[in-house]
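Below: the structure, in structure tokens.
All figures in this text were calculated on a predicted structure; none of them were measured in a lab. Note on naming: letters A, B, ... go to the chains in the order of the sequence lines (proteins, then strands), and numbering restarts at 1 for each one.
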Protein chains: 2
Amino acid sequence: MAKERTDAQRYQLSQQVGFNLRRANQRHVAIFAKHVEGLTPTQFAALARLYEFESLSQNKLGRLTAMDSATIKGVVERLRAKGLVSSRPDLNDQRLRLVELTEAGAATFERAEAQAQMARAETMEGLSAEEARLFEVLLGKLV
Amino acid sequence: MAKERTDAQRYQLSQQVGFNLRRANQRHVAIFAKHVEGLTPTQFAALARLYEFESLSQNKLGRLTAMDSATIKGVVERLRAKGLVSSRPDLNDQRLRLVELTEAGAATFERAEAQAQMARAETMEGLSAEEARLFEVLLGKLV
DNA sequence: ACGGGTTTGTTGGTATACAAGCAGATGTTG
DNA sequence: CAACATCTGCTTGTATACCAACAAACCCGT
């Protein structure tokens with residue numbers, strides 16, 4: 001057995017918000033992967049935004065999904081490789097790349113939405129309905 | 001302006017727990033980086049565990065910090081490059097690599113602990129003291 | 001003692017995530 | 001209109017994060 005320090009010296013990592021935020025997120029990603037086949041949470045988020053807004057520039061899509069321009073580039077690229085989105089230059093503003101859902105992308109999102117709901121339920125299963133509602137409110141204030 | 005779908009069709013990504021867990025974690029990592037210079041949250045977590053237990057095998061350290069063996073390998077490697085930990089083979093069990101804090105590592109952790117506390121405070125600044133306490137309890141039930 | 005299962009650490013591959021630096025396009029202001 | 005600032009997308013580099021496959025070392029039951 002490894003020796004432990006006394007309580008006075010011990011730092012309670014397991015009770016640190018930052019550590020637990022990271023673990024909660026890790027756990028949710030794992031649960032999401034189990035329920036939603038073929039899409040990561042970030043890819044799902046991108047599809048959700050494109051479903052909401054028919055067409056978005058790549059950077060704007062990134063901002064709406066909390067990804068910087070380097071990250072969203074890769075996500076769009078992988079969604080494109082799966083045939084779920086298309087992208088083309090904007091004729092009015094030549095800096096922009098307009099990204100859109102394909103039909104397959106819209107269908108995939110609609111199917112994934114129900115699965116994502118199940119992932120959410122499993123993520124929250126340790127909390128009562130009342131606690132879950134409260135947690136979501138507090139989490140919303142944090143971000 | 002991009003066209004939006006009607007409310008009936010709209011998926012409220014911004015209210016999804018998974019999405020907000022990811023954003024909350026991103027935000028915390030950014031705040032942590034601002035307050036704790038030279039250490040990432042995961043590197044800090046590893047130092048915290050090594051401060052708690054004097055000596056740990058690499059894999060066990062990974063388990064205690066919620067990192068798989070591939071991830072913890074890189075973290076230990078970078079901490080070693082900074083001179084904050086040392087690692088050596090275990091003579092009793094030749095599979096193991098024992099990882100320990102160096103003196104510089106212990107000092108760095110003690111300094112970083114106060115800074116991490118400030119990062120925590122800033123992360124939670126949107127919540128009242130009572131809400132923050134409650135949030136931590138609920139988050140603890142989730143992980 | 002030995003053959004089978006487990007554990008540990010490593011490697012390679014994929015996917016976020018962000019900083020910094022870049023070039024081209026656009027906007028703004030004198 | 002010209003100078004300047006801003007924005008967009010791209011690239012490189014670093015750091016998690018996890019999966020799958022692997023070999024060496026260990027453990028355990030027979």
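Within residues 79-92 of chain B, no residue approaches DNA chain C, by heavy-atom distance under 4.0 Å. Within residues 21-37 of chain B, the residues approaching DNA chain C are Arg22(B), Gln26(B), by heavy-atom distance under 4.0 Å.
Every residue was checked against the side-chain hydrogen bond (donor to acceptor under 3.5 Å, both in side chains) condition with Ser86(B), not counting sequence neighbours, and none meets it. Ser57(B) meets the side-chain hydrogen bond (donor to acceptor under 3.5 Å, both in side chains) test with no other residue; sequence neighbours excluded. Under the side chain to side chain contact (heavy atoms under 4.5 Å, CB included) criterion, Glu37(A) pairs with no residue, sequence neighbours left out. When the side-chain hydrogen bond (donor to acceptor under 3.5 Å, both in side chains) test is applied to Glu136(A), the partners found at least two apart in sequence or on another chain are Arg120(A). With sequence neighbours left out, Glu103(B) forms a side-chain hydrogen bond (donor to acceptor under 3.5 Å, both in side chains) with no residue at all.
Atom CD1 in Ile72(A) sits roughly 12 Å away from atom P in dC18(C) (whole-Å rounding). To the nearest angstrom, C1' of dC10(D) lies 17 Å from CD of Gln94(A). A straight line from CZ of Phe44(A) to P of dA15(C) spans 18 Å, rounded to a whole angstrom. Look at CG on Asp68(A): it is 14 Å from P on dT11(D), rounded to the nearest Å.
Residue contacts for Thr71(B): at a heavy-atom cut-off of 4.0 Å it reaches a base atom on one of the strands shown.
Taking Ile, Leu, Val, Met, Phe, Trp and Tyr as members and joining any whose side-chain heavy atoms lie under 4.5 Å apart, directly or through other members, the hydrophobic cluster of Val17(A) also contains Leu21(A), Met124(A), Leu127(A), Leu134(A), Phe135(A), Leu138(A), Leu139(A), Leu142(A), Val17(B), Leu21(B), Met124(B), Leu127(B), Leu134(B), Phe135(B), Leu138(B), Leu139(B), Leu142(B).
Listed by first then second residue, pairs satisfying side chain to side chain donor-acceptor pair (under 3.5 Å) with a partner in residues 24-34 of chain B read Lys34(B)-Glu122(B), not counting sequence neighbours. For residues 71-108 of chain A, there are no ring-ring contact (aromatic ring centres under 6.0 Å, His included) pairs, not counting sequence neighbours. Residue pairs satisfying the salt bridge (charged side-chain N to carboxylate O under 4.0 Å, His left out) criterion with at least one member in residues 81-91 of chain B, sequence neighbours excluded, are listed as follows: Arg88(B)-Glu100(B).
Side-chain nitrogen and oxygen atoms of Gln43(A) include at least one within less than 4.0 Å of the OP1 or OP2 phosphate oxygen of dT16(C).
Under a hydrophobic clustering in which Ile, Leu, Val, Met, Phe, Trp and Tyr are joined whenever their side-chain heavy atoms come within less than 4.5 Å, directly or via other members, Ile31(A) and Leu39(A) fall into different clusters.
At least one side-chain heavy atom of Met67(B) sits less than 4.5 Å from a side-chain heavy atom of Thr42(B).
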If the sugar-phosphate is the primed atoms plus P, OP1 and OP2 and the base is the rest, what is the B/S/- string for nucleotides 1-14 of chain C, using protein heavy atoms under 4.0 Å? ------BSSBBB--
